[in-house]
Amino acid sequence: MCEKILLIDGHSILNRAFYGLPDLTNSEGLHTGAVYGFLNILFKVLGEEKPEYLAVAFDRSEPTFRHAKYPEYKGTRKPMPQELKEQIPLLKEMLEKMEIATVSLAGFEADDILGTLAKKGEEKGMDVIILSGDRDLLQLATKKTMIRLPRTAKGQTVIEDYKEDQVQERYLVTPAQVIELKALMGDAADNIPGIPGVGEKTATRLLAEYGSIENAFSHVEEISQKRARESLRENYQMAQLSKELATICTNSPIEFEQEKFQLGNIFTKEAYELCRKLDFRNFLMKFDPAEVNENTIEQDFFICNDLEGCEALFEKAGQAEAVGIALLWDKEGVYGAGLALGEDEMYYVPVEGMVTAAYLSDKIGRLGKSTTVCSMDVKTMLKRADLTPDANVFDCGIAAYLLNPLKSTYTYEELAKDYLDGKLLPGKEELLGKISLKKAWEEDMPELEHLACYMAYTAFATRAPLKAKLQETGMWKVYTEIELPLVFTLDSMEKWGIEVKGEELKNYGEKLTVRIHELEKLIWQQAGEEFNINSPKQLGVILFEKMAIPGGKKTKTGYSTSADILEKLASENLIINDILEYRQLTKLKSTYADGLGAVIEKDGRIHSTFNQTITATGRISSTEPNLQNIPVRMELGRLIRKVFVPEAGFVFLDADYSQIELRVLAHMSGDEKLIKAYREAEDIHRLTASQVFHIPLEEVTPLQRRNAKAVNFGIVYGISSFGLSQDLSITRKEAAAYIQKYFETYPSIKGFLDGLVEQGKEKGYVSTMFGRRRPVPELKSSNFMQRSFGERVAMNSPIQGTAADIIKIAMNRVYKRLLDEKLRSRLVLQVHDELLIETWKDEIPQVSRILEEEMKGAANLAVELEVDMHQGNNWYEAK
DNA sequence: ACCCTCACG
DNA sequence: ACGTACGTGAGGGTC
């Protein structure tokens with residue numbers, strides 16, 4: 001086997017990555033997408049080729065010998081975008097840290113360096129691989145030099161390989177003739193003119209017949225095509241110059257520094273740190289942990305796998321002031337636990353022999369009574385650890401969420417980076433990759449021990465800085481009095497779940513299917529062809545091209561077919577109504593009938609997950625399935641609620657706050673008139689209409705009420721005349737007039753909202769009544785749209801967030817009272833302003849009282865918090 | 001993986 | 001001139 005050298009065309013591959021892939025930015029806002037793409041392809045090719053030598057060539061900014069011959073060379077290039085430009089030094093830094101040789105030479109392009117090194121490599125008897133995005137390089141292909149050209153096909157990167165023979169096969173010319181081809185055809189990118197009137201076809205034919213431009217010229221009279229013949233005659237000199245320009249120099253004055261090109265370990269500690277900094281998580285696992293880990297935490301990891309040892313360990317842990325705990329489990333089993341007794345004392349306890357899942361559950365439960373159990377995610381741990389609501393726990397994920405609710409994940413390695421002076425720990429993905437916990441456990445992988453210990457370590461070590469920051473920011477109370485107790489409340493709701501009648505759900509779905517098929521036929525009939533109605537793309541073409549319904553474009557990718565657009569066209573086009581009904585029914589079928597049916601568990605109940613660290617405002621969210629968006633507005637959809645039923649002997653009590661956000665607004669703004677309105681009014685929207693339009697309450701028309709209601713909503717969302725005009729289908733001017741009248745009617749509201757924006761700009765965040773913060777970085781944006789968004793967010797978040805705080809407080813109190821008063825009734829759902837309690841029939845009066853007292857009493861506002869309550873034998877009836 | 005659409009508050 | 005209401009999650013289509 002020959003030795004092999006890989007030569008890379010640096011700029012060309014970087015360019016390709018930049019234009020071919022979505023841009024990325026790291027947490028500091030650096031553009032990194034092109035560097036990421038470059039490394040991706042580098043790793044791929046290194047894996048395939050396994051070369052002994054490697055060099056990356058770059059162009060330089062100085063003029064080259066080609067400019068001396070032809071000053072217009074590359075003269076029409078567009079300037080490189082800043083986002084790409086700034087990635088060049090970044091790539092060079094990365095290559096340097098990977099100890100990969102980079103080569104450049106004043107007066108020469110990267111191509112010339114590649115050509116020269118390829119030739120020298122061959123002379124040394126090596127196989128040569130050239131990686132570039134530029135087809136011009138094909139002229140360098142030989143029997144021993146292969147050109148590899150990556151391209152994107154169907155979202156996947158595939159590499160075309162060319163040795164001498166493949167060039168001939170694909171382009172019907174020899175590598176040397178690639179130069180002639182380019183000279184004949186010209187190259188717009190390099191500003192090489194070529195022969196006008198000669199394209200790829202003619203050029204290839206000329207070369208097949210005459211071999212070269214010179215020979216073609218000497219037989220110019222024989223060329224049958226008139227245009228080509230005359231053009232070649234006229235432009236022969238230019239063609240010769242083009243040929244010179246297109247020829248890659250293979251004897252540039254560059255050394256073949258064999259030693260420097262030698263490929264060593266590219267996965268150095270320095271490169272690792274840069275990958276970290278750039279958030280290239282996918283690459284981190286390529287590095288050898290032993291090599292890159294500067295921290296010596298792993299020295300302090302111990303395994304404890306016998307019962308006696310565990311007894312002693314938990315005994316000692318129970319006496320510590322706090323312990324970090326990480327419980328490793330998934331649906332298939334419990335695998336072990338990590339314990340941190342100090343920053344330099346971590347233990348891994350695998351489930352094994354006498355140390356069972358139940359043993360760990362019990363031991364962790366006991367720790368909750370004697371010490372503070374710190375965890376990255378307490379609620380998840382509660383599913384397999386016997387901790388009661390009175391346990392002492394610290395939840396690092398929730399603490400970090402409060403400190404910055406805009407992050408999408410709160411993993412231990414992120415928390416270590418953010419709260420332990422930038423400490424770099426390997427994350428789960430990096431340790432285990434795609435390997436499941438179960439597999440790692442079965443095979444006794446050391447990475448599982450490391451995962452458990454790092455997680456426990458982080459939980460332990462971040463507690464103090466997180467607590468300090470929460471106190472500094474005034475959020476310690478929100479944390480201890482709202483969020484932490486809520487962990488237990490939500491855990492209980494998840495565990496109870498809610499019964500769903502699977503059979504009825506199936507019947508409902510089948511009824512939908514019948515009508516869906518009818519509609520499908522009707523729609524196809526009217527369209528005159530069969531097509532996928534679910535495809536907005538196909539539907540757009542059918543409606544707005546084939547049927548030529550006037551409606552026009554909206555989105556970047558094609559026509560908008562959303563319901564609000566279609567509804568405007570419905571009156572004149574019968575097909576539209578059928579499409580709208582079809583859409584409605586397929587939604588009900590796929591998301592609800594089928595979707596919910598698929599997640600009913602063996603106990604006949606659905607156990608959703610309530611996420612506490614997702615939203616920017618402080619609300620909770622619900623997933624797998626989402627039980628916070630079960631249909632209610634349309635009757636047909638609302639019927640789904642009939643399949644949600646209480647267990648035998650129970651009924652549902654459903655309690656919801658009446659206009660909680662508007663009441664919060666009244667309180668926070670202190671607007672006397674709005675507060676007074678709430679004290680008097682039965683129907684706030686009607687009263688708003690009466691006051692805004694200066695008409696007696698009795699004379700308010702339904703339309704006026706509807707408009708006033710929309711304005712009330714708009715205010716809460718961070719009003720804009722455009723948004724309101726869209727909602728009400730009125731002009732912006734009219735919308736602006738409504739808003740102005742509203743602000744005149746309730747004068748303190750405007751001042752309050754402006755104050756929120758002002759505060760957001762000044763402090764960088766806005767706050768709820770209880771001190772929960774939301775950062776609003778958009779307010780500093782130079783982009784108008786972004787800034788406007790920031791302003792609306794600044795106005796909305798304190799209102800939405802305060803309402804979220806209030807219902808969370810109410811939930812905790814309701815949950816506590818149900819426990820304290822030893823009731824069988826249980827909280828099962830929260831839908832932002834609504835609580836659903838599965839109520840033991842004998843307890844109905846008591847639970848009603850509890851709900852009313854705790855919901856109304858959750859906050860003391862200048863206006864009453866009003867609660868509507870209903871009872872029923874299913875969720876439909878209880879609304 | 002991303003967009004569109006639509007369900008809820 | 002920009003081109004939007006605030007906050008979510010899920011399913012289907014497309015590339």
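Both backbone and side-chain heavy atoms feed into the values below; hydrogens, waters and symmetry mates do not.
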Of all the nucleotides listed ([options]), which has the minimum atom distance to the side chain of [X]?
{"X": "A:F784", "options": "C:dG7, C:dG3, B:dA7", "result": "C:dG3"}
{"X": "A:R583", "options": "B:dT5, C:dT4, B:dG9", "result": "B:dT5"}
{"X": "A:E624", "options": "B:dT5, C:dA5, C:dA10", "result": "C:dA10"}
{"X": "A:T615", "options": "B:dT5, C:dT8, C:dG13", "result": "C:dT8"}
{"X": "A:S535", "options": "B:dA7, C:dT14, C:dC6", "result": "C:dT14"}

Tell me, with the steps shown, if A:E510 and A:R515 meet salt bridge (charged side-chain N to carboxylate O under 4.0 Å, His left out). CA-CA 9 Å; A:E510 280 160 8; A:R515 180 65 182 150; over 6 Å; no

Nucleotide [N], atom [atom2] - distance to [atom1] of [X] in whole Å:
{"X": "A:I719", "N": "C:dT4", "atom1": "CD1", "atom2": "C1'", "value": "12 Å"}
{"X": "A:I614", "N": "C:dG7", "atom1": "CD1", "atom2": "C1'", "value": "12 Å"}
{"X": "A:E778", "N": "C:dT4", "atom1": "CD", "atom2": "P", "value": "16 Å"}
{"X": "A:N626", "N": "B:dA7", "atom1": "CG", "atom2": "P", "value": "13 Å"}
{"X": "A:L836", "N": "B:dG9", "atom1": "CG", "atom2": "C1'", "value": "15 Å"}
{"X": "A:I730", "N": "C:dT4", "atom1": "CD1", "atom2": "C1'", "value": "15 Å"}
{"X": "A:I807", "N": "B:dC8", "atom1": "CD1", "atom2": "P", "value": "18 Å"}
{"X": "A:D833", "N": "C:dC6", "atom1": "CG", "atom2": "P", "value": "20 Å"}

Could you tell me whether [X] contacts a base, only the sugar-phosphate backbone, or nothing, with contacts defined as non-hydrogen atoms closer than 4.0 Å?
{"X": "A:A803", "answer": "nothing"}
{"X": "A:N783", "answer": "nothing"}
{"X": "A:A794", "answer": "nothing"}
{"X": "A:S720", "answer": "base"}
{"X": "A:Q726", "answer": "nothing"}
{"X": "A:T561", "answer": "sugar-phosphate"}
{"X": "A:R732", "answer": "base"}
{"X": "A:F713", "answer": "nothing"}
{"X": "A:G714", "answer": "base"}
{"X": "A:S622", "answer": "sugar-phosphate"}

Axial cation check for A:Y765 ring with A:R773, 6.0 Å and 45° limits: yes

Could you go through the ring pair (Phe, Tyr, Trp, His ring centres under 6.0 Å) check for A:Y738 and A:Y742 one step at a time? CA-CA 6 Å; A:Y738 283 172; A:Y742 183 93; over 10 Å; no

Nucleic acid contacts of residues 629-643 of chain A, taken as heavy-atom distances under 4.0 Å to DNA chain B: A:N629, A:I630, A:P631, A:V632, A:R633

Verify, without hydrogens or angle tests, whether A:R787 (side chain) and A:E778 (backbone) share a donor-acceptor contact under 3.5 angstrom. no

Result for 5'-nearest mapping on DNA chain C, choosing between A:M785 and A:V793, is A:M785

Whichever of A:D727 and A:Y592 has its nearest DNA chain C nucleotide further upstream toward 5':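 The residue mapped nearer the 5' terminus is A:D727.
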
Would you call the rings of A:F280 and A:F283 parallel, tilted or perpendicular, taking 30° and 60° as the class edges?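 A:F280 and A:F283: perpendicular rings.
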
Quick one: is [N] close enough that its OP1 or OP2 comes under 4.0 Å of any side-chain N or O from [X]?
{"X": "A:S621", "N": "C:dG9", "result": "yes"}
{"X": "A:K537", "N": "C:dC15", "result": "yes"}
{"X": "A:R792", "N": "C:dC6", "result": "yes"}
{"X": "A:Q538", "N": "C:dT14", "result": "yes"}
{"X": "A:T586", "N": "C:dG12", "result": "no"}

For DNA chain B, what string of dots and brackets results from 5' to 3' when Watson-Crick and G-U pairs need both distances under 3.5 Å, crossing pairs get [ ], and pairs with another strand get |? |||||||||

For a quick check under 3.5 Å, do A:Q830 and A:Q628 share a side-chain donor-acceptor pair by atom type?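 There is such a pair between these side chains.
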
Determine the minimum heavy-atom distance between A:L569 and A:P550, stating which atoms define it.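 Heavy-atom minimum between the residues: CD2-O, 3.3 Å.
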
